Q: 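Quick one: the structure is below, questions incoming.
Quantities reported herein were computed from a predicted structural model and do not represent experimental measurements.
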Amino acid sequence: MNTTDSYKTIKNPSEEVLFKEKSSKFFGYAFPITSENEIKSILEPLRKKHFGAVHFCYAFQTGTTSFQYRANDDGEPSNSAGMPIYGQIQSFGLTNIVIVVVRFFGGTKLGVGGLITAYKTCAQMAIEASEIIEKTIDISYIIEFDYQNINKVMRVIKEKNLELISQNLAETCKIEIAVRKKNASNVFAAFNEIFGVSIQIKD
C-alpha cells in the first residue's frame, strides 16, 4: 500500500454477512468512516437491530499519512475479537473503515482459537462484500490575489488541471484548490512565481 500519495478504503457500507460456528451466529458489517466519532452512530442502530446479541465487537482505522486505530473485544476474551478484525483491515491495506461483528451466542463455547477464527473470517467476508476504492491524498491551498491577476491564476489552474473547491471573485479574490500530494510542490511553485499572488496551505 502506497501510504504517501494514495490510500485504499471502501466506497459504501457493506451488505450484511453471516458466519455460523457451532450454533453461534456472527453478523459482519463494514462502514467507511473518517473519524472515531462516527462509530457510536453506527453501533446504535445495530444494537437495536440485533437486540439480544451478546457481543458487538469492532475495529477501526482512520487517517491517510498517520493512522489511528482501535480494537474492541466487547466482553470477549482479550484479543480474541477486536484484533482479529483489525488484522483483516491491515491484511487488505485499508483505512478510514470500521468493521463491526455482532455475535449471538449459540450455547457452545468456541474457545479463544475458535473465536479468533470466527471473528477474522466474518471480518474478511464483510470486506469482500464491500467495494474497495483507491483515493489520492490531497492538499488544499488557499490562493489570494487582486482581480487583475485572475487570468494568470486561472491559466495555471487550467494547465495543471486543478480541482477548484471554492472561489470568491471580488476586488480581492480568494480561491481554494485541491492538489494531489505528489504534485503539491510544483503547484505551489507555479503560483508563488506570480507577482501579487499569495498561496498557503489551508489549516
Side-chain angles (χ1 to χ4, degrees), residues 1-138 180-181:
M1 176 178 168
N2 178 6
T3 54
T4 56
D5 190 47
S6 63
Y7 63 95
K8 288 195 292 183
T9 187
I10 58 171
K11 188 174 184 181
N12 298 305
S14 71
E15 295 178 10
E16 177 183 282
V17 297
L18 172 61
F19 177 73
K20 295 179 182 176
E21 182 67 27
K22 292 181 181 172
S23 305
S24 278
K25 290 181 180 178
F26 297 82
F27 292 92
Y29 304 86
F31 298 88
I33 59 168
T34 53
S35 83
E36 185 178 0
N37 299 335
E38 297 167 54
I39 293 173
K40 188 180 177 187
S41 63
I42 287 169
L43 286 173
E44 281 175 357
L46 289 178
R47 290 187 196 281
K48 288 176 184 171
K49 179 176 182 177
H50 295 293
F51 185 75
V54 190
H55 305 284
F56 292 79
C57 305
Y58 67 86
F60 78 88
Q61 179 157 283
T62 58
T64 54
T65 49
S66 61
F67 300 103
Q68 295 79 45
Y69 75 93
R70 179 175 296 172
N72 186 323
D73 293 315
D74 193 32
E76 293 282 32
S78 182
N79 295 328
S80 68
M83 284 311 287
I85 296 171
Y86 181 61
Q88 289 305 298
I89 294 175
Q90 289 183 303
S91 178
F92 281 85
L94 301 173
T95 189
N96 289 353
I97 183 174
V98 59
I99 297 175
V100 184
V101 177
V102 181
R103 180 190 180 194
F104 283 88
F105 181 54
T108 304
K109 290 191 173 182
L110 303 181
V112 171
L115 289 173
I116 289 171
T117 300
Y119 281 103
K120 175 186 171 184
T121 303
C122 194
Q124 180 183 341
M125 289 167 63
I127 293 171
E128 288 173 348
S130 309
E131 183 183 348
I132 295 174
I133 55 172
E134 189 164 333
K135 289 187 168 185
T136 58
I137 299 172
D138 295 334
R180 186 166 175 169
K181 188 178 178 183

Q: If you take all heavy atoms of Gly82 and Ala59, which pair is closest and at what distance?
A: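 Smallest heavy-atom distance, with atoms named: O-CB, 3.5 Å.
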Q: To the nearest 0.5 Å, what is the distance between CD1 (Ile39) and CZ (Phe31)?
A: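 Ile39 atom CD1 to Phe31 atom CZ measures 11.0 Å (nearest 0.5 Å).
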Q: Is the number of heavy atoms from other residues, nucleotides or ligands under 6.0 Å of Phe56 CZ greater than 12?
A: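 Atom CZ in Phe56 is packed in, count exceeds 12.
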Q: Quick check for you: to the nearest 0.5 Å, what is the distance between Met83 atom CE and Asn72 atom CG?
A: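 Answer rounded to 0.5 Å: 12.0 Å.
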Q: Indicate yes or no: at least one non-hydrogen side-chain atom of Lys20 is less than 4.5 angstrom from one of Leu18.
A: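 A side-chain contact under 4.5 Å exists here.
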Q: State, to 0.1 Å, how close Ala81 and Asp73 come at their nearest heavy-atom pair, and which atoms those are.
A: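 Answer, listing the atom of Ala81 first, then Asp73: N-OD1, 3.2 Å.
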Q: Taking side chain to side chain contact (heavy atoms under 4.5 Å, CB included) as the definition, give me every residue that meets it alongside Thr62, ordered by chain and number, with sequence neighbours left out.
A: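 If we apply the side chain to side chain contact (heavy atoms under 4.5 Å, CB included) test to Thr62, skipping adjacent residues, the hits are Ile33, Phe60, Gln68, Asn96.
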Q: Using side-chain contact (heavy atoms from CB on, under 4.5 Å), reason through Val101 and Phe27 one step at a time and then give a plain yes or no.
A: CA-CA 5 Å; Val101 177; Phe27 292 92; over 6 Å; no
Q: Check the orientation of Phe26 and Tyr119. Use parallel for under 30°, tilted for 30 to 60°, and perpendicular for over 60°.
A: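 Phe26 and Tyr119: perpendicular rings.
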Q: Can a side-chain donor-acceptor contact be found between Glu16 and Tyr29 if the only test is distance below 3.5 angstrom?
A: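 Note: Tyr29 and Glu16 side chains meet the donor-acceptor criterion.
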Q: From Glu134 CD over to Lys8 NZ, what is the distance, rounded to the nearest 0.5 angstrom?
A: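 With rounding to 0.5 Å, CD (Glu134) is 7.5 Å from NZ (Lys8).
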Q: Under the criterion side-chain contact (heavy atoms from CB on, under 4.5 Å), I'd like the reasoning laid out for Arg180 against Asp5: C-alpha separation, chi angles, the key distance, then a yes or no.
A: CA-CA 7 Å; Arg180 186 166 175 169; Asp5 190 47; 2.4 Å; yes
Q: Ignoring hydrogens and angles, tell me if any N or O in the side chain of Thr117 forms a donor-acceptor pair with the backbone of Gly113 under 3.5 Å.
A: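 Between the backbone of Gly113 and the side chain of Thr117 there is a qualifying donor-acceptor contact (under 3.5 Å).
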Q: Locate the shortest heavy-atom distance separating Pro77 from Val112; write the atom from each residue and the value.
A: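 Smallest heavy-atom distance, with atoms named: CB-CG2, 4.0 Å.
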Q: What's the spacing between Ser130 OG and Ile97 CD1 if we round to 0.5 Å?
A: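 The CD1 atom of Ile97 is 6.0 Å from OG of Ser130, to the nearest 0.5 Å.
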Q: Is there a donor-acceptor pair under 3.5 Å between the side chain of Glu38 and the backbone N or O of Thr34?
A: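 Yes; at least one donor-acceptor contact below 3.5 Å.
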Q: Do the non-hydrogen side-chain atoms of Glu76 and Arg103 ever get within less than 4.5 Å of each other?
A: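 Touching, per the 4.5 Å side-chain cut-off.
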Q: Can you tell me how far the NZ atom of Lys40 sits from the CZ atom of Arg47, to the nearest 0.5 Å?
A: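 One gets 10.5 Å once the value is rounded to the nearest 0.5 Å.
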Q: Are the side chains of Tyr58 and Ile99 in touch, meaning some heavy atoms are under 4.5 Å apart?
A: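 Heavy-atom side-chain distance check fails, nothing below 4.5 Å.
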Q: Is there a side-chain contact between Ile127 and Ser14 in this structure, where contact means two heavy atoms from C-beta onward sitting under 4.5 Å apart?
A: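 No, too far: nothing below the 4.5 Å cut-off.
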Q: Taking the side chain from His55 and the backbone from Asp74, do they hold a donor-acceptor pair closer than 3.5 Å?
A: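 Yes.
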Q: What pairs with Thr136 under side chain to side chain donor-acceptor pair (under 3.5 Å), at least two apart in sequence or on another chain?
A: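 Asp138.
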Q: Name all residues meeting the salt bridge (Lys or Arg N to Asp or Glu O under 4.0 Å) criterion together with Arg70; count only those two or more places apart in sequence or in a different chain, and write none if there are none.
A: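 For Arg70, the residues satisfying salt bridge (Lys or Arg N to Asp or Glu O under 4.0 Å) (neighbours in sequence not counted) are Glu36.
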Q: Assess the residue pair Lys135 and Thr9 against the criterion (side-chain contact (heavy atoms from CB on, under 4.5 Å)); give the C-alpha distance rounded to whole Å, side-chain angles, the decisive distance to 0.1 Å, and a yes or no.
A: CA-CA 8 Å; Lys135 289 187 168 185; Thr9 187; 4.3 Å; yes
Q: Counting only N and O atoms by type, is there a donor-acceptor contact under 3.5 Å from the side chain of Ser24 to the main-chain atoms of Phe105?
A: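 Answer holds: no.
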Q: Which distance, rounded to the nearest 0.5 Å, do you find between the CD1 of Ile133 and the NZ of Lys11?
A: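 Result: 7.0 Å between the selected atoms.
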Q: Where do Pro32 and Asn12 come nearest, in terms of heavy atoms and distance?
A: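 Closest pair (atom of Pro32, atom of Asn12, distance): CD-C, 3.7 Å.
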Q: Side chains of Phe67 and Thr95: does their closest heavy-atom pair fall under 4.5 Å?
A: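 SC-SC contact between Phe67 and Thr95 confirmed.
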Q: Quick check: do Val100 and Cys57 have side-chain heavy atoms less than 4.5 Å from each other?
A: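 No, every pair of side-chain atoms sits at 4.5 Å or beyond.
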Q: Of all heavy-atom pairs between Pro84 and Ser80, which one has the smallest distance, and what is that distance?
A: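 Here Pro84 and Ser80 meet closest at CG-O, 3.5 Å.
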Q: Look at the side chain of Gln61 and the backbone N and O of Leu94, then say whether any donor-acceptor pair between them is shorter than 3.5 Å.
A: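 Confirmed, Gln61 side chain pairs with Leu94 backbone.
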